[in-house]
Amino acid sequence: MLNTIGVIGLGVMGGNLALNMADKGEHVGVYNYTSDLTDQLMEKLEGQTIRPFYNIEAFVQSLEKPRKIFLMVTAGRAIDEVIASLTPFLEEGDIIMDGGNSHYEDTERRYDELQGKGIRYLGIGISGGADGARTGPSIMPGGDREAYEQVASILTKIAAQVDGTPCCAYMGPRGAGHFVKMVHNGIEYADMQLITEAYTFLKDRLGLSVEDIADIFESWNQGELKSYLIEITADILRKKDDVTGLPLIDVILDKAGQKGTGKWTSIQAIDHGIPNSIITESLFARYLSSLKEERMNAETILSLPEIELQELDKEVWIEHIRQALYMGKICAYAQGFTQYKMTSEQYGWNLPLKDIALIFRGGCIIRAEFLNIISEAYEENYSLTNLLISPYFAEKTKEYQRNMRKVVCEGIQSGLSFPSLGASLTYYDSYRTGTSNASMIQAQRDYFGAHTYERNDIEGSFHTNWQE
Ligand code: 6PG
C-alpha cells in the first residue's frame, strides 16, 4: 500500500501534523534529515499508519501519484535545499507543500521555479503552534489551484473545525497563503501588545495583584473579548514560578523576542503605502523592550513630573479598560484586513476576506469570538473599504471611544507606555477625519522643495514662491 501523503521535517510542528494526518486515516510517509526525530516520532505512535524512511528517494517512491509532499522545515535556505534534494525523484504533476513560515516572496520564487518543471507548489500558512498542528490548526493554502483541489480533502480534515466548518480555505494564487499567514502574525503582535498594555494599566495604575488581574482576564474571556490570547493571559498570570514561588510572570525578563513575521508585515505595508501603525508600533515595542540595559540607565535620568495621581474607582476603570482593549482590537484588525484588501487589489489576488475571518475563528493564535462579526461584515458588504465603517464596528467604537480616551489619557498622564492603545486611538481619529491638516505638509514640501501642491477648490498642480 503506497502512502497517501509524505511529511518532511519532523520537528514539533511536522511530527504533530503527521500524527494528525494519520489520525484522520491518511497513510503517512515521514522523513527527516537526521534520523533521531524520525525515531522519536515512531516511538509516539498509538496505532497510526505512519511509515518512516531514512532515504529521501525511498520516501518519494513510497507515495501514490500525484505525490503530495508536505515540508515542515525551517523557513529560508533549508526549504530550497530540501526541494533540490526532492526534484530529481519527482514527476510532472507531483505536489510540494511548504507549511513553514516562509516569506511570501520566497514562495512565489519557488512556485515559479517548480512550475517550470511541471511540479505544482502550494505555500501554506499554518497557525496554532504545536497543539494546533496536533489537534487542528488554521490552514491558509495558496498557490496552484488544481493542486489545492487535490489536497483539500486532507487539509480540511486535519484543520480545526468550527460549527462543522474546517478552518481551511483556498487563499489565492502563488504566495497568497503565506501572505495571509504573515499578516495574521502581524495582527497577533498587535493583539498581544494591546493585552500587555491593558495588563499594564491594571497592574501599574490600579495596583491590582497578579491574581486579581487573572480573574479579570478570565471574566473578560466570557464576553466579547473571548479569544485564545485572552484565555492564555489568565493562565499565564496564575502560573507560579517553581524556583521562587512568585508569579512566574514576575521573574520573566522583560525583553520581547520576535522571529520576523511581524517585521515582514510592517515592511510590506510600508512598501505598499498601507497604514498599519498599530502592528508596527507593536513591533517597535518589542525592539524597545530589547534595549533593557539602556532603559535601566535612562530610568535613573528621566522621570515623570511631580503629579498627584487620583485614586481611581477600580470597578469603573476595569470596565473602561475592557472597552479600550476591545476598541484597540477592532482598530488593529481593521488595519490587518485593510492590508489584506489593499494588497489583494495591488496584486490582483482577490483574497477572500470573509473566508480569512472564518478560518481564523479556530485553530490559530488570534482565534477569537469577534472574527464571526468580521466575517459577517464582509458577508454583508464584500467590498467594505474598512471594518471601522461597518455598522457593527461603527456603532461599537462610537460607544466605546469615550472610555478608551479616558484610559489612554489617564495612562499617558500617569507615565505608562501605550504604543498600541495610543496608535489605535490615533488611527481611529485620523481615519474618521474628512479634512485633515496634511495641507501643512504639502505647504512645507512646496516651500523648501518646490514639490507643488493641489488645491481643494481649483484643479491643477501649484507652486508658490513662499518668500515673496
Ligand atoms: C502561529 C504563530 C507562529 C509564530 C510564533 C513565533 O501562528 O502559530 O504565530 O507562527 O512563529 O508565534 O512568532 P514570533 O517569534 O515572531 O513572536
Side-chain angles (χ1 to χ4, degrees), residues 9 11-17 20 70-76 78-79 97-104 106-107 123-142 155 158-160 162 167-169 171 175 177-196 227-233 235-236 252-269 276 278-290 332-333 336 339-340 356-368 371 419-420:
V12 172
M13 292 289 288
N16 279 354
L17 272 176
N20 185 348
F70 212 99
L71 307 185
M72 285 305 288
V73 299
T74 309
I79 304 251
M97 296 165 272
D98 170 15
N101 270 340
S102 294
H103 193 289
Y104 74 97
D106 288 338
T107 299
I124 301 179
I126 293 183
S127 178
D131 292 346
R134 183 70 187 85
T135 59
S138 172
I139 302 178
M140 302 148 243
L155 297 183
I158 65 169
V162 174
C167 292
C168 173
M171 296 286 100
H178 276 141
F179 177 79
V180 170
K181 175 58 169 54
M182 179 189 82
V183 177
H184 161 280
N185 279 32
I187 295 171
E188 175 187 299
Y189 279 38
D191 229 335
M192 293 163 72
Q193 180 62 31
L194 288 164
I195 286 171
T196 299
S227 61
Y228 172 72
L229 286 172
I230 293 284
E231 178 189 346
I232 69 167
T233 300
D235 292 349
I236 286 163
I252 292 177
L253 185 62
D254 60 316
K255 292 173 75 170
Q258 55 90 29
K259 287 184 189 153
T261 46
K263 177 182 72 174
W264 296 344
T265 307
S266 296
I267 291 170
Q268 194 271 345
N276 83 339
I278 308 164
I279 292 171
T280 302
E281 281 292 349
S282 306
L283 173 71
F284 287 166
R286 295 193 184 194
Y287 291 169
L288 200 50
S289 78
S290 297
Y333 281 67
Q339 189 160 355
Y340 285 140
I356 291 172
L358 284 175
I359 68 171
F360 283 175
R361 293 180 304 161
C364 65
I365 300 294
I366 66 169
R367 58 186 185 267
L371 279 151
S420 291

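One-based numbering, in listed order, for ligands and for the atoms of each. Nothing here was measured: the structure is a model prediction, and the numbers come from that model.
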Can you find a non-hydrogen atom of R286 under 4.0 Å from ligand 1?
-> yes

Rounded distance [0.5 Å steps], OG1 in T280 versus NZ in K263 = 13.0 Å

D131, CG atom: more than 12 neighbouring heavy atoms under 6.0 Å | no

Which heavy atom of the protein is the closest neighbour of atom 10 (O) of ligand 1, given with residue, atom name and distance?
-> K181 NZ, 2.6 Å

Can you list the ligand 1 atoms lying under 4.0 Å from a non-hydrogen atom of N185?
-> 4 (C), 7 (O), 9 (O), 10 (O)

Geometric N/O contact G128 with ligand 1, under 3.5 angstrom | yes

Output the distance between atom CD1 (I356) and atom CG (L371), rounded to the nearest 0.5 Å.
-> 11.0 Å

Is a donor on one side and an acceptor on the other found under 3.5 Å between the side chain of H178 and the backbone of G100?
-> yes

Atoms of ligand 1, numbered as shown, that sit under 4.0 Å from any heavy atom of Y189 = 14 (P), 16 (O), 17 (O)

Does the N or O separation between G129 and ligand 1 drop below 3.5 Å for any pair?
-> yes

Tell me the salt bridge (Lys or Arg N to Asp or Glu O under 4.0 Å) pairs involving residues 182-194, sequence neighbours left out?
-> D191-K329

Check if G262 has a non-hydrogen atom at a distance under 4.0 Å from any atom of ligand 1.
-> no

Subset of ligand 1 atoms that lie under 4.0 Å from at least one heavy atom of T261 | 16 (O)

The option among M182, E188, M192, H184 carrying the non-hydrogen atom nearest to atom 2 (C) of ligand 1 is E188

Sequence neighbours left out, what passes ring-ring contact (aromatic ring centres under 6.0 Å, His included) with Y189? Give chain and number order.
-> none

With a cut-off of 4.0 Å, which atoms of ligand 1 are near a heavy atom of K259?
-> 14 (P), 15 (O), 16 (O)

Are side-chain N/O atoms of T107 and S102 paired as donor and acceptor at under 3.5 Å?
-> no

Identify, by atom number and element, the atoms of ligand 1 in contact range of Q258, meaning under 4.0 Å from any of its heavy atoms.
-> 15 (O), 16 (O)

Option of least heavy-atom distance to atom 7 (O) of ligand 1 (set: S127, S138, G125) = S127

